[in-house]
Protein chains: 4
Amino acid sequence: MTTQEEKTRRAELIAAASRLFKEQGYERTTVRDLAQAVGMQSGSLFYHFRTKEEMLVAVMAAGIGDLTDRLEEALGQAKTPMEKLRTVCRVHLDTLLGDDKGALSVLLYEWPSLSDKARAELIKLRDSYERDWQQVLDEAAAAGLVHEDTRLLRKVLLGGLHWTIMWYRPEGGGTPSDLADRILELIIRKK
Amino acid sequence: MTTQEEKTRRAELIAAASRLFKEQGYERTTVRDLAQAVGMQSGSLFYHFRTKEEMLVAVMAAGIGDLTDRLEEALGQAKTPMEKLRTVCRVHLDTLLGDDKGALSVLLYEWPSLSDKARAELIKLRDSYERDWQQVLDEAAAAGLVHEDTRLLRKVLLGGLHWTIMWYRPEGGGTPSDLADRILELIIRKK
Amino acid sequence: MTTQEEKTRRAELIAAASRLFKEQGYERTTVRDLAQAVGMQSGSLFYHFRTKEEMLVAVMAAGIGDLTDRLEEALGQAKTPMEKLRTVCRVHLDTLLGDDKGALSVLLYEWPSLSDKARAELIKLRDSYERDWQQVLDEAAAAGLVHEDTRLLRKVLLGGLHWTIMWYRPEGGGTPSDLADRILELIIRKK
Amino acid sequence: MTTQEEKTRRAELIAAASRLFKEQGYERTTVRDLAQAVGMQSGSLFYHFRTKEEMLVAVMAAGIGDLTDRLEEALGQAKTPMEKLRTVCRVHLDTLLGDDKGALSVLLYEWPSLSDKARAELIKLRDSYERDWQQVLDEAAAAGLVHEDTRLLRKVLLGGLHWTIMWYRPEGGGTPSDLADRILELIIRKK
DNA sequence: AATGAATGAGGGTTCATTCAT
DNA sequence: AATGAATGAACCCTCATTCAT
């Protein structure tokens with residue numbers, strides 16, 4: 001009950017922060033903006049988070065955590081290397097470009113705003129996500145679907161996907177999943 | 001004389017801003033930091049630039065301008081579609097990852113810090129650079145070297161290249177040009 | 001039962017406040033510090049005390065009350081003017097420098113933190129303590145032991161004793177009682 | 001000229017801080033109070049001092065510095081041990097109770113507000129003042145004027161003098177110098 | 001008797017910018 | 001061209017206090 005409400009309030013704050021950090025950037029978002037977005041006074045924020053940076057970390061951790069969960073669930077239903085490849089790209093773009101979430105884009109573009117300490121914590125989570133990618137790419141390379149330098153491919157492909165936030169527009173651009181498929185085409189080695 | 005010195009001073013400031021904006025981010029760099037870096041008082045900056053944002057714009061404009069100049073010069077010496085392809089990638093990474101410049105990375109990662117007005121001005125410059133890329137990719141596609149969806153390819157490949165700032169380390173990672181070649185391999189359709 | 005527990009809880013709080021106000025000062029001690037020291041939430045404090053200042057007053061009142069009680073008890077066993085003189089000094093330093101109590105030092109050094117109203121209340125208690133001192137000094141003067149300007153002597157001697165908190169260190173400094181005796185020597189008119 | 005004005009402004013601020021810290025206490029004085037007292041905005045303070053604590057240190061350092069200067073000048077004109085004794089007490093009380101200065105009383109009563117680092121710096125200045133006292137007391141003891149435990153006497157007498165701020169009232173209390181003489185009587189060993 | 005959550009005023013400090021000189 | 005000084009709004013954060021439960 002209390003736990004419930006606490007979860008709710010924290011979750012509300014994280015959601016609001018996610019949105020605002022994405023829209024305006026972390027530095028340009030004030031704690032007053034954040035408080036107002038959930039209908040409280042700015043001082044009250046600090047009951048839930050010790051610092052503004054802690055909110056940023058929470059947003060990012062939630063973002064990468066969600067993403068990893070989604071990916072692992074989706075991978076559970078993918079059989080072939082090709083299906084898995086499609087899955088990692090689709091889940092990534094669905095999450096990044098889906099309008100309900102800003103957390104992932106915050107993760108990517110506010111990385112330099114983190115203190116070293118906070119960064120270290122998040123790197124662990126990010127690495128776990130990238131390990132899943134690496135496995136999928138390794139299987140795909142083994143099946144001759146992609147170039148065998150999979151470590152480089154992982155970084156470059158993820159970079160290419162990340163960058164879509166800068167130019168993707170839902171109207172007339174197809175769904176994120178469609179886009180994922182088209183991007184995949186660019187690097188697939190047809191048998 | 002005055003013009004000469006003025007150019008010098010402005011250029012000094014832009015260089016300093018470039019470095020500091022890259023290292024610390026635009027928002028986290030104060031005008032005092034900037035002034036100190038060239039040995040003046042913070043108030044004196046405003047003789048050279050009306051606002052801090054104007055410095056950001058100057059850095060970005062110089063960055064994209066330089067890049068386009070370099071590219072066009074290098075393309076002048078490239079003959080085949082393959083050579084041209086290699087050139088665009090190499091010039092991009094040499095500029096982005098070369099240690100003497102931060103301007104390009106500032107351009108990429110401080111884009112959201114711009115006001116709408118400033119953004120509009122820079123978009124023109126950026127488009128001119130991307131037009132050069134587009135031409136090269138179109139030629140390459142015509143020669144069967146790359147996927148024919150060159151507009152998408154341009155965005156994704158540039159995204160992949162941009163992202164290298166996040167992970168490239170000079171020590172043990174080869175030169176930026178080497179990296180460019182390896183990345184190109186990932187998307188080349190072998191004849 | 002409730003009364004009993006209430007007393008206990010109040011006493012705990014006063015003891016904790018005494019220690020914290022002494023160590024960190026009244027202004028620099030937060031109600032959260034105080035609450036934590038007795039294992040409760042900050043809001044719960046306000047069931048026991050209406051304001052933070054009320055805690056300060058309680059600490060001070062307890063401090064001066066205890067001191068007066070101790071003094072009167074000790075004086076009961078002192079016969080000669082010289083014994084009485086020694087007693088007032090010893091009790092004062094034992095209480096001020098004894099490691100179990102901070103209340104007296106709080107009384108001295110947080111006096112300016114009090115509101116006028118609170119101050120008035122405490123002045124009465126303090127005066128009662130000083131009246132005991134005055135009597136002892138008057139007897140001593142009558143016996144030729146000290147200078148006859150006993151009102152001035154009272155203030156100056158008490159000032160000198162108060163100031164010991166600033167420099168007294170238990171290790172290698174003798175006991176507070178020893179120190180009291182040595183200080184007394186400084187102002188005694190030998191026979 | 002610039003130096004002059006800078007001195008003026010800094011001196012103004014120190015004077016105002018001195019007064020306010022004495023009247024309201026350091027913690028209860030806001031930087032807005034301080035700024036208003038010299039007719040500037042609160043932000044402007046930080047052009048002259050990096051932190052509020054730096055102002056406190058400046059007040060204290062000025063206080064103890066002035067005091068030492070005054071003392072050394074006055075001692076230059078004192079011949080006999082008795083005259084010197086009178087001088088140290090008079091200078092101390094004139095400075096402490098003279099209505100133009102609050103710095104010395106701030107030094108005494110805001111000592112606990114200092115950070116360890118700042119305290120260390122001020123201890124040096126204070127020690128230099130107390131060394132002058134020690135010499136005077138040693139000479140006086142050699143002449144049989146005071147008790148031979150001069151180190152203890154120094155601390156106790158200074159404590160007694162310090163405490164006068166708590167009770168001295170100019171109206172009807174004689175001048176600070178008169179008071180100094182009367183206090184001295186309390187500890188003098190008549191020939 | 002105590003809690004968890006919130007309040008709201010105010011804290012010290014930062015910082016882009018201005019301007020007389 | 002540059003400076004020293006100041007501005008003033010905004011910043012993140014603190015904290016005594018309140019109150020429904």
Side-chain angles (χ1 to χ4, degrees), chain A residues 1-3 5-6 8-10 27-35 38-55, chain B residues 2 5-6 8-10 13 26-35 38-55, chain C residues 2 5-6 8-10 13 26-35 38-55, chain D residues 1-3 5-6 8-10 27-35 38-55:
Chain A
M1 143 216 71
T2 313
T3 312
E5 279 175 1
E6 166 60 9
T8 303
R9 219 69 170 100
R10 247 189 94 92
E27 306 273 2
R28 283 175 296 280
T29 301
T30 70
V31 299
R32 277 168 180 82
D33 292 338
L34 292 165
V38 298
M40 42 165 66
Q41 297 292 116
S42 68
S44 311
L45 273 186
F46 295 87
Y47 181 79
H48 301 278
F49 295 91
R50 267 198 311 258
T51 63
K52 187 186 167 194
E53 197 199 14
E54 210 173 74
M55 298 196 69
Chain B
T2 314
E5 280 175 0
E6 166 59 12
T8 304
R9 220 71 170 102
R10 249 187 93 90
L13 275 165
Y26 171 71
E27 304 276 1
R28 284 176 295 280
T29 301
T30 69
V31 304
R32 275 167 181 83
D33 291 338
L34 293 165
V38 299
M40 43 166 64
Q41 296 296 112
S42 67
S44 314
L45 271 185
F46 293 87
Y47 179 83
H48 301 278
F49 295 91
R50 267 199 316 258
T51 64
K52 186 185 168 193
E53 197 199 15
E54 211 172 71
M55 297 195 70
Chain C
T2 314
E5 280 175 1
E6 166 61 9
T8 304
R9 220 71 170 103
R10 250 187 91 91
L13 275 166
Y26 171 72
E27 305 275 1
R28 283 176 296 279
T29 301
T30 70
V31 303
R32 277 168 181 81
D33 291 338
L34 293 165
V38 299
M40 44 165 66
Q41 297 295 112
S42 67
S44 313
L45 270 185
F46 293 86
Y47 179 84
H48 301 279
F49 295 90
R50 267 198 316 256
T51 63
K52 186 186 168 193
E53 197 199 16
E54 211 172 71
M55 296 196 70
Chain D
M1 146 214 71
T2 313
T3 311
E5 278 176 1
E6 166 61 8
T8 304
R9 220 68 170 100
R10 247 188 94 91
E27 306 274 2
R28 283 175 296 280
T29 301
T30 70
V31 298
R32 279 163 182 86
D33 292 338
L34 292 165
V38 298
M40 41 165 66
Q41 297 293 115
S42 68
S44 311
L45 273 185
F46 293 88
Y47 181 80
H48 301 278
F49 296 90
R50 267 198 313 261
T51 62
K52 186 187 168 193
E53 197 199 15
E54 211 172 72
M55 298 195 68

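Quick caveat, the model's predicted, so the values are computed rather than measured. Naming: A, B, ... by sequence-line order, numbering from 1 per chain.
- Within the model, atoms CG of B:L13 and OG1 of B:T8 stand 11.0 Å from one another, a figure rounded to the nearest 0.5 Å.
- For B:V31 against B:F46, the heavy-atom pair with the smallest separation is CG1-CZ, 4.2 Å.
- Across the protein-nucleic acid pair, B:D33 atom CG and E:dT14 atom P stand 12 Å apart, rounded to whole Å.
- Proximity of C:Y47 to the phosphate of E:dA1: a side-chain N or O atom is located under 4.0 Å from OP1 or OP2.
- Remark: C:Q41 is in phosphate contact with E:dG4, judged by side-chain N or O atoms under 4.0 Å from OP1 or OP2.
- For the OP1/OP2 pair of F:dA2 and a distance below 4.0 Å, the side-chain nitrogens and oxygens of B:H48 include at least one atom meeting the criterion.
- Distance, B:M55 CE to E:dC15 C1': 15 Å, rounded to whole Å.
- If you take CZ on D:R28 and CD on C:E27, they are separated by 4.0 Å, rounding to the nearest 0.5 Å.
- Under the Watson-Crick and G-U wobble criteria, each requiring two contacts below 3.5 Å, nucleotide E:dA20 is paired to F:dT3.
- One atom, CZ of A:F49, and another, P of F:dT14, lie 15 Å apart when rounded to the nearest Å.
- Protein atom CG of C:L45 is 10 Å distant from nucleotide atom P of F:dA16, rounded to whole Å.
- Distance check, rounded to the nearest 0.5 Å: CE of D:M55 to OG1 of D:T29 gives 10.0 Å.
- When the P atom of E:dT3 is taken as reference, atom CE of C:M40 falls 6 Å away, rounded to whole Å.
- In this structure, F:dC11 and E:dG12 make a Watson-Crick or G-U wobble pair, each of the two defining distances being under 3.5 angstrom.
- Atom CG of B:L34 is separated from atom OG of B:S44 by 12.5 Å, given to the nearest 0.5 angstrom.
- When the P atom of F:dA1 is taken as reference, atom CZ of B:R9 falls 10 Å away, rounded to whole Å.
- A 4.5 Å side-chain heavy-atom check between C:K52 and C:Y26 finds at least one atom pair inside the cut-off.
- Counting heavy atoms from C-beta on, the side chains of D:Q41 and D:R32 never come closer than 4.5 Å.
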Given protein heavy atoms under 4.0 Å, the one-letter contact record of nucleotides 16-21 of chain E, with B base, S sugar-phosphate only and - none, is simply BBB---
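- Residue-to-nucleotide proximity on DNA chain F shows that, of C:R28 and D:G39, the 5′-proximal contact is made by D:G39.
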